[in-house]
Amino acid sequence: MLKKKIIFLLGPTAIGKSAIAIKLAKKIKAEIISCDSMQVYRGMDILTSKVDSAQRKKIRHHLLDVIAPSQEYNVAKYRRDALLICNELFLKGKIPFFVGGTGLYYSIIIDGLFPKVSKDRSIRAKLNKALQLKGSRYLYKKLARVDAQAAKKIHPHDSRRIIRALEVYLKTGKPISVLQKSRVGLGDEYEINIFGLNLNRELLYKKIDQRVDKMFKLGLVNEVKRLVKYRLSKTAAQAIGIRELGGYFNGEYALEEARRLIQRNSRHYAKRQCSWFKNDKRIMWININKTQTSAQIALKLWKKLS
RNA sequence: GCCGAGAUAGCUCAGUGGUAGAGCGCGGCCCUGAAAAGGCCGGCGUGGGGGGUCCGAUUCCCUCUCUCGGCA
């Protein structure tokens, strides 16, 4: 029996994924599932460069605007939501087409998430308090005693991962390093095609800077002003642009400085994305050069699929 | 033309008679319930050119070039 097909299109921010994805989706009866940790929030349109409604009419997009920015969202919720949509699409005879740049999210879809150890507010509160009082080294030593393997992988300064590992241990009595081995991915069941878009670093940075300029022209400042009037969830508040414009709103620096910071932080982010994708050997790479249109690139991808 | 200040990393600059640092920038990497987050690593340099003093000069002296400011 023929395996069902799932497609991924990955790449750093501003490289042009969305336009290419829509063109490809039209050729193959696919619907797009956003693979982006920030585009799930309503009201963060300019900030996250979401595709507009005209484009969404061409091809249905999922997991955009699914929660309020006051709500928290995370990998586990994403996985649950995305897999649900995947199944719906299969029933409709459509191909699920994941498009985005959040490395953790796509890998969780493909490779799975170890089960059922959700975040625990009270345990985290305690651990965070210990972190403040005694520092990350104290927690790190604690972790090393119960889960040497995890400790080996985590840097002593990486307090977030130390806390999560301890949280899992305290909740289940099992080391996270053991649980992590029990992930169930999509691997064997489906035919998975992963495409990655690649662009020379200098050009990518230029595109990022230009995109940020465009965001300002489209009204980024007002959008963020509107957003921060309400309390943003911890996760939504992480979007690049919130903190940077916050400093401007507080009078810490001029608007131009906020722009500079947004551009720089976006470049750093893109670099981290590249580094994440680089060593996934399953990715089929497509090099972009500036003369190609998104239609041409979509055609190239389409040929590789058939 | 004269006077003064300066010329050190991609940028802004610090410092020292024993071949150099800081911030920013940049590069590399890690990643399993906060991931646009968080963490780690890396100085990336013919110290403006030439000459002199000295065991030794980026540091002291001379000279040239250039830049900036002031006076003409």
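Here the structure is a predicted model, which is why all the values come from computation and not from measurement. Every chain is numbered from 1 and lettered A, B, ... according to where its sequence line falls, protein lines coming before strand lines.
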Whole-Å distance between B/U32 P and A/Ile176 CD1?
7 Å
N or O in side chain of A/Tyr205 less than 4.0 angstrom from B/G27 OP1/OP2:
yes
Write down the distance separating the C1' atoms in B/G45 and B/G21, rounded off to the nearest Å.
11 Å
Quick check on B/G33: is either OP1 or OP2 less than 4.0 Å from any side-chain nitrogen or oxygen of A/Arg79?
no
Of A/Ile33, A/Asp36, A/Val66, A/Leu104, the residue whose pairing with A/Tyr78 passes side chain to side chain contact (heavy atoms under 4.5 Å, CB included)
A/Ile33
Return the orientation label for the A/Phe277 and A/Tyr106 ring planes: parallel under 30°, perpendicular over 60°, tilted otherwise.
tilted
Of the candidate nucleotides B/U32, B/G33, B/C29, which contains the atom at the shortest distance from the side chain of A/Arg161?
B/U32
May I ask you to say what A/Asn279 touches in the nucleic acid, namely base, sugar-phosphate or nothing, with a heavy-atom cut-off under 4.0 Å?
sugar-phosphate
Taking atom P of B/G38 as reference, at what distance in whole Å does atom OH of A/Tyr269 sit?
13 Å
Can you check whether A/Arg272 has a side-chain N or O nearer than 4.0 Å to OP1 or OP2 of B/G38?
no
Could you report the tightest heavy-atom contact between A/Lys234 and A/Gln238, atom names first, then the distance?
O-CG, 3.3 Å
Using the P atom on both, measure B/C61 against B/C24 and round to a whole Å.
34 Å
Rounded to the nearest angstrom, tell me the gap between atom CD1 in A/Ile154 and atom C1' in B/U32.
10 Å
What distance, rounded to whole Å, do you find between the two C1' atoms, one in B/U19 and one in B/A5?
27 Å
Atom CG of A/Leu131 and atom P of B/G39 are separated, to the nearest Å, by 11 Å
For RNA chain B, what residues of residues 240-251 of chain A have any heavy atom nearer than 4.0 Å?
A/Ile240, A/Arg243
Among B/G39, B/C31, B/G33, the one nearest A/His155 by side-chain distance:
B/G39
Check the distance between B/U32's P and A/Gln149's CD and give it to me in whole angstrom.
13 Å
What's the separation between atom CG in A/Asn193 and atom CD1 in A/Ile7, rounded to the nearest 0.5 Å?
5.5 Å
Going by salt bridge (Lys or Arg N to Asp or Glu O under 4.0 Å), name the pairs with one or both residues in residues 202-211 of chain A, residues two or more places apart or in two chains.
A/Asp209-A/Arg267
On a whole-Å scale, what distance lies between the C1' atoms belonging to B/G27 and B/U65?
34 Å
Over all strands shown, is A/Tyr41 touching base, sugar-phosphate only, or nothing at heavy-atom distances under 4.0 angstrom?
nothing
Does the side chain of A/Lys234 get closer than 4.0 angstrom to OP1 or OP2 of B/A37 through an N or O atom?
no
If one requires at least 3 consecutive Watson-Crick or G-U pairs with distances under 3.5 Å, the stems of RNA chain B turn out to be B:1-7 with B:65-71, B:10-13 with B:21-24, B:26-30 with B:38-42, B:48-52 with B:60-64
Looking only at side-chain N and O atoms, does A/Arg160 come under 4.0 Å of OP1 or OP2 in B/A35?
no
Look at A/His157 and B/G39 and indicate whether a side-chain polar atom (N or O) is within less than 4.0 Å of OP1 or OP2.
no
Base, sugar-phosphate or nothing for A/Thr48? Non-hydrogen atoms, less than 4.0 Å.
base
For B/G27, does OP1 or OP2 lie under 4.0 Å from any side-chain N or O of A/Arg267?
no
Between NE2 of A/His268 and P of B/G38 the distance, given in whole Å, is 12 Å
With respect to the phosphate group of B/A35, does any side-chain polar atom (N or O) of A/Thr235 fall under 4.0 Å of OP1 or OP2?
no
About how many Å separate OG1 of A/Thr102 and CD1 of A/Ile108, when rounded to the nearest 0.5 Å?
12.0 Å
Taken to the nearest whole Å, CD/A/Gln273 to P/B/C29 is 14 Å
With no hydrogens and no angle check, just 3.5 Å: does a side-chain donor-acceptor pair link A/Tyr73 and A/Ser233?
no
Want to settle it: does A/Leu179 or A/Ala239 sit nearer the 5' end of RNA chain B, counting the closest nucleotide to each?
A/Leu179
A/Lys77 (side chain) and B/G33 (base): donor-acceptor pair under 3.5 Å
no
Is A/His155 close to A/Arg161 at the side-chain level, that is, under 4.5 Å between some pair of heavy atoms?
no
Nearest 0.5 Å please: distance from the CD1 atom of A/Ile208 over to the OG atom of A/Ser266.
6.5 Å
With P as the reference atom in both, quote the distance from B/G1 to B/C60 in angstrom, rounded to an integer.
27 Å
Rounded distance in Å - OH (A/Tyr78) to C1' (B/U32)
15 Å
Between A/Arg164 and B/G33, is there a side-chain N or O to OP1/OP2 distance below 4.0 Å?
yes
Are a donor atom and an acceptor atom from the side chains of A/Tyr269 and A/Gln273 found within less than 3.5 Å of each other?
yes
Determine the Euclidean distance between corresponding C1' atoms of B/C26 and B/C3; express it in Å to zero decimal places.
41 Å
Donor + acceptor pair across side chains of A/Gln149, A/Asp147 (<3.5 Å)
no
What's the gap between B/C2 and B/U58 when it is taken at their P atoms, as a whole Å value?
29 Å
Can you tell me how far C1' in B/A72 sits from the matching atom in B/A14, rounded to whole Å?
36 Å
Mind checking whether A/Phe8 and A/Phe98 have parallel, tilted or perpendicular rings, split at 30° and 60°?
parallel
Note: for A/Asp36 and A/Lys271 on RNA chain B, the residue whose nearest nucleotide lies more 5' is A/Lys271
